[in-house]
Amino acid sequence: MDRYNSKEIEPKWQKFWDENDVFHAKIDPKKPKYYVLEMFPYPSGKIHMGHVRNYAMGDVIARYKKSKGFNVLHPMGWDAFGMPAENAAMEKKVHPRTWTESNIKDMKEQLRPMGLSIDWSKELATCDPDYYAKQQSLFIDMEKSGLVSRKISKVNWDPVDMTVLANEQVVDGRGWRSGALVEKKELTQWFFNISNYSEELLKGLDALKGWPEKVRIMQNNWIGKSSGAEITFSIKNSITEFKNIKVYTTRPDTIFGMSFLAISPNHPIAVKLSKTNKRLNDFGIECQNNLTSEEALETAEKKGIDTGIKVEHPFIRDKKIPVFIANFIVMDYGTGAVFGCPAHDQRDFDFAKKYNLEILQVFEPENVEINDVSVKNSAILGEGRMINSEFLNGKTTLEARKIVCNQLEKKGTGIEKTNYRLRDWGISRQRYWGCPIPMIHCEKCGLVAEKKENLPILLPEDIEFDRPGNPLERHQDWMKTICPKCDSVAKRETDTMDTFVDSSWYFLRFTSPKDPKPINKEAIDYWMNVDQYIGGIEHAILHLLYSRFFSRAMVKTGHLPEKFKEPFNALFTQGMVCHETYMDGLGQWLSPEEVCHEKSGEIRKISDNSKVTKGASTKMSKSKRNVVDPKDIIEQYGADTARWFVLSDSPPERDIEWTESGVEAAWRHIQRVWRLAHEIINSEDLKSSNSEDEKIEKIRNQTIEKVSKGIETFAFNKSIANLYEFTNFISKSKSSKPSKIRSIKTLAILMNPMTPHLSEEIWEMTGEKSQLSSSMWPRAEEEYLREDLVTLPIQINGKRKTEIQINSGTPEDQIKLEALNNELIKKNLKGVSPKKVIVVPDRIVNIVI
RNA sequence: GCGGGCGUGAUGGAACUGGUAGACAUACCAGACUUAAAAUCUGGAGGCCGAAUGGCCGUGGGGGUUCGAGUCCCCCCGCCCGCACCA
């Protein structure tokens with residue numbers, strides 16, 4: 001008998017779908033719409049298994065919804081700006097555009113054989129002048145609406161290459177190419193005022209019912225709302241013109257335990273002092289060598305230096321508090337200064353130990369024996385009851401916070417204050433391959449937005465990547481322009497936008513990718529919101545938060561109706577695709593194709609038969625060479641096998657392990673279903689009993705129910721397990737031919753979202769003329785979903801002893817009676833009368849003795 | 001360092017709202033078919049003890065709540081993701 005030949009069948013159906021424009025999404029107000037979107041890829045040039053998994057999942061949803069009667073929008077595009085293109089330009093002397101465009105072409109070719117239900121007519125790339133021109137006009141509107149600002153901020157500076165480095169390009173504090181120690185450099189840059197929306201973005205999280213709880217928690221923490229007090233400390237011994245220092249604290253209750261004040265190295269006082277004090281200046285320079293990432297800041301050794309300045313304690317007369325400059329205080333958060341209470345903050349505790357500062361406990365934790373805790377070894381965190389704090393003694397820490405705030409307000413030295421950790425979004429990049437910021441520097445008029453009719457501001461094509469840095473800055477012709485206000489000669493902004501800007505509205509543009517305006521009202525109104533968004537958990541904060549902000553910005557600038565300010569109704573975050581790693585005797589990583597697994601369990605290198613060490617399974621990555629090319633898999637086994645495999649076994653939110661045997665299992669299943677369909681179609685209709693037909697009909701309906709539920713809840717692995725079971729059942733069933741035909745047709749429909757080619761083929765084999773890709777998802781009939789017989793386990797003291805069969809809905813007393821009369825139970829009870837019998841109807845019986 | 005998550009047989013995993021742990025699949029073992037192999041089909045199987053009815057142990061480790069814990073609470077360990085210029 002024939003095998004399922006993927007090389008013939010898959011292109012056949014792909015051609016059919018193409019020619020009939022099956023997945024072309026058109027606005028149809030009569031039909032309910034469904035917008036499913038996978039996070040668009042960066043065009044690296046090669047599709048990897050992570051993409052395959054991501055798109056296979058999206059495709060399951062898209063095809064399922066379509067067969068449920070929805071008008072589905074399932075577009076695809078390219079997140080095409082970004083650093084790798086510039087790196088390629090430097091390394092391979094190829095223009096970023098050429099490199100990017102050829103990558104897009106390659107990836108599209110690799111994607112096509114997967115048989116995804118994508119509407120390619122909606123394709124866009126963020127590096128298309130048409131796309132970034134629209135983005136420039138959105139920027140101009142944002143600038144006019146006060147959503148944009150200029151601020152000084154720090155970048156990683158490579159002093160040898162004379163260029164700005166991304167955090168990723170800093171390896172162990174050094175530039176990745178030059179190896180030079182990275183410095184911090186201050187630049188005036190462009191920002192989106194996302195922090196004005198802190199409260200709004202925080203509140204909005206509650207409405208995102210379709211988002212994973214963990215993502216909402218992460219965003220919530222990222223926004224970091226806190227309430228506390230801003231306290232003004234007066235300086236006793238003014239060595240500078242500054243008379244006081246403002247401090248933000250979330251723990252005003254611990255003010256009597258304060259033993260020092262710490263200010264950021266960038267605090268105006270610190271800066272001022274450094275000018276005249278060499279020690280402070282040296283320390284400032286040392287801090288300058290810290291990296292810009294928060295991670296680096298937090299993991300670096302905590303250091304400080306005494307400024308000699310003393311401040312007054314607001315409640316303790318004559319108490320002098322030393323002021324330190326500390327490397328772990330950031331200027332961007334709060335006021336750039338904190339007070340240190342070593343007894344109740346671990347970081348302050350470590351600092352106090354190091355510099356021999358007083359550690360005074362000011363509250364006792366509640367519900368803990370006093371002897372159990374001590375501030376000798378570590379800080380005491382949390383809440384408790386105040387001690388050593390004068391008028392606060394005996395109060396709870398929560399009460400104390402309120403009282404301190406009131407007292408400070410009375411004295412006029414402090415106020416209650418709410419703070420957010422969220423900082424403004426710095427969008428300036430000193431790079432070529434991004435969307436030019438449409439601003440003009442005019443000597444007379446200052447900063448002026450480009451006129452919309454002059455858009456797009458195109459990236460110049462004639463650029464050189466012979467040296468690091470931003471080629472735009474060296475391109476005199478490109479920079480030279482005319483001030484839109486006064487017509488005098490002016491200079492273009494050379495910064496380009498962060499690529500997160502590009503990805504903050506592409507999902508809107510997909511609804512009308514060729515419209516002359518950034519978005520088309522009618523299309524937005526019909527297609528938005530995205531009903532299901534699918535992507536990696538690594539985007540939980542930045543991309544998703546920026547998109548939520550950007551939608552609000554587009555509401556403010558009049559591009560988007562208010563109702564679309566939260567653009568993603570539901571979010572699903574999928575796990576990574578992992579593979580074992582292999583290393584040869586020389587410590588070199590080997591790819592899976594370079595090794596062979598022997599029966600004995602040993603792994604050997606194919607080229608020289610040497611022994612190979614198996615390493616941990618990690619995310620497929622070029623550097624560890626543990627990648628499997630989807631192209632090879634599709635070529636060898638076909639798209640349906642690849643799709644079936646990436647969806648089976650592991651729950652979608654978890655990482656999956658790519659194994660050769662797993663792919664083979666998927667392949668075997670595809671073949672088995674194919675054979676089964678053939679056998680059934682060509683079989684004689686033998687006599688069968690009605691009860692067999694009833695049985696298969698029951699299983700068929702239950703499978704419909706389970707598989708549908710699995711897809712709806714993103715438990716594709718469970719749907720697949722149910723489909724395996726159903727297949728096993730059909731193949732063993734003694735039911736009549738019509739019953740089996742009905743079942744195999746149901747199997748084909750239910751498998752269609754995962755294995756669309758096989759399903760269409762079987763559908764056609766059964767003589768059906770209609771296409772499977774349109775609405776025909778079956779409905780399970782209620783009467784088959786009921787179970788009349790229930791197996792009830794009986795436990796004695798929580799240990800299962802036996803089980804009984806009862807009719808579902810049997811009353812409690814009767815179950816109890818039956819359980820106690822069971823022979824085995826009687827034997828186990830040995831005449832002891834039970835203390836208690838717990839009966840959970842239709843569930844369990846537990847006899848306590 | 002901070003924030004979030006995960007941990008179940010040899011392996012991937014299943015177990016609805018606290019109610020029979022191990023569905024389904026892989027690897028493995030045995031059998032059928034075959035000259036043989038592959039493919040396919042049938043069956044077995046968490047670990048330990050036992051000839052067997054069966055017993056004990058078992059969801060990263062330790063403790064707790066409960067008639068009953070993989071699931072809830074506390075502590076610990078390991079791994080993964082994010083930390084604002086990778087996308």
Open item on the list: In whole Å, measure the gap between the P atoms of B:U11 and B:A27 for me.
Closed with: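 Result for the P pair: 15 Å, nearest Å.
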
Would you classify [X] as touching base, sugar-phosphate or nothing, given that sugar-phosphate means primed atoms plus P, OP1 and OP2, and contacts are heavy atoms under 4.0 Å?
X	answer
A:K801	sugar-phosphate
A:Q346	nothing
A:F500	base
A:Q189	base
A:K706	nothing
A:R421	base
A:I838	base
A:W222	base
A:H669	nothing

Open item on the list: Determine whether a donor-acceptor pair (one donor, one acceptor, N or O, separation below 3.5 Å) exists between the side chain of A:E295 and the base of B:C83.
Closed with: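 Flag set: donor-acceptor pair detected.
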
Open item on the list: Looking at the base of B:C85, is there any donor atom on it, or on the side chain of A:Q430, that sits under 3.5 Å from an acceptor on the other one?
Closed with: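 Counting by modelled atom types and ignoring angles, a donor-acceptor contact under 3.5 Å is found here.
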
Would you tell me if any nitrogen or oxygen in the side chain of [X] comes within less than 4.0 Å of OP1 or OP2 on [N]?
X	N	result
A:K799	B:G58	no
A:R654	B:G7	yes
A:T499	B:A87	yes

Check nucleotides 74-79 of chain B against the protein and report each pair of N or O atoms closer than 3.5 Å, with its distance, or say if there are none.
none

Open item on the list: Under 6.0 Å between ring centres: does that hold for A:F40 and A:Y506?
Closed with: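 For A:F40 and A:Y506, the ring centres are under 6.0 Å apart.
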
- [ ] Could you work out which one of B:G19, B:U26, B:A87 sits closest to the side chain of A:I844?
- [x]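 Comparing B:G19, B:U26, B:A87 against the side chain of A:I844, the answer is B:G19.
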
Task: Nearest-neighbour nucleotide for the A:V848 side chain, B:G4, B:C67, B:C85 considered - done: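 Minimum distance to the A:V848 side chain belongs to B:C67.
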
Task: Dot-bracket encoding of pairs in RNA chain B, which uses [ ] for pseudoknotted crossings and | for another strand, Watson-Crick or G-U under 3.5 angstrom - done: (((((((..(((......[....))).(((((.......))))).((((....))))..(((((..]....))))))))))))....

Dump the pairs, protein N or O against N or O of nucleotides 22-24 of chain B, anything under 3.5 Å, distances to one decimal.
{"residue": "B:A23", "atom": "O2'", "partner": "A:E725", "partner atom": "OE2", "Å": "3.3"}

Task: cation_pi(A:K225, A:Y420) dist<6.0 Å, angle<=45 - done: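 Cation-pi check for A:K225 and A:Y420: fails.
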
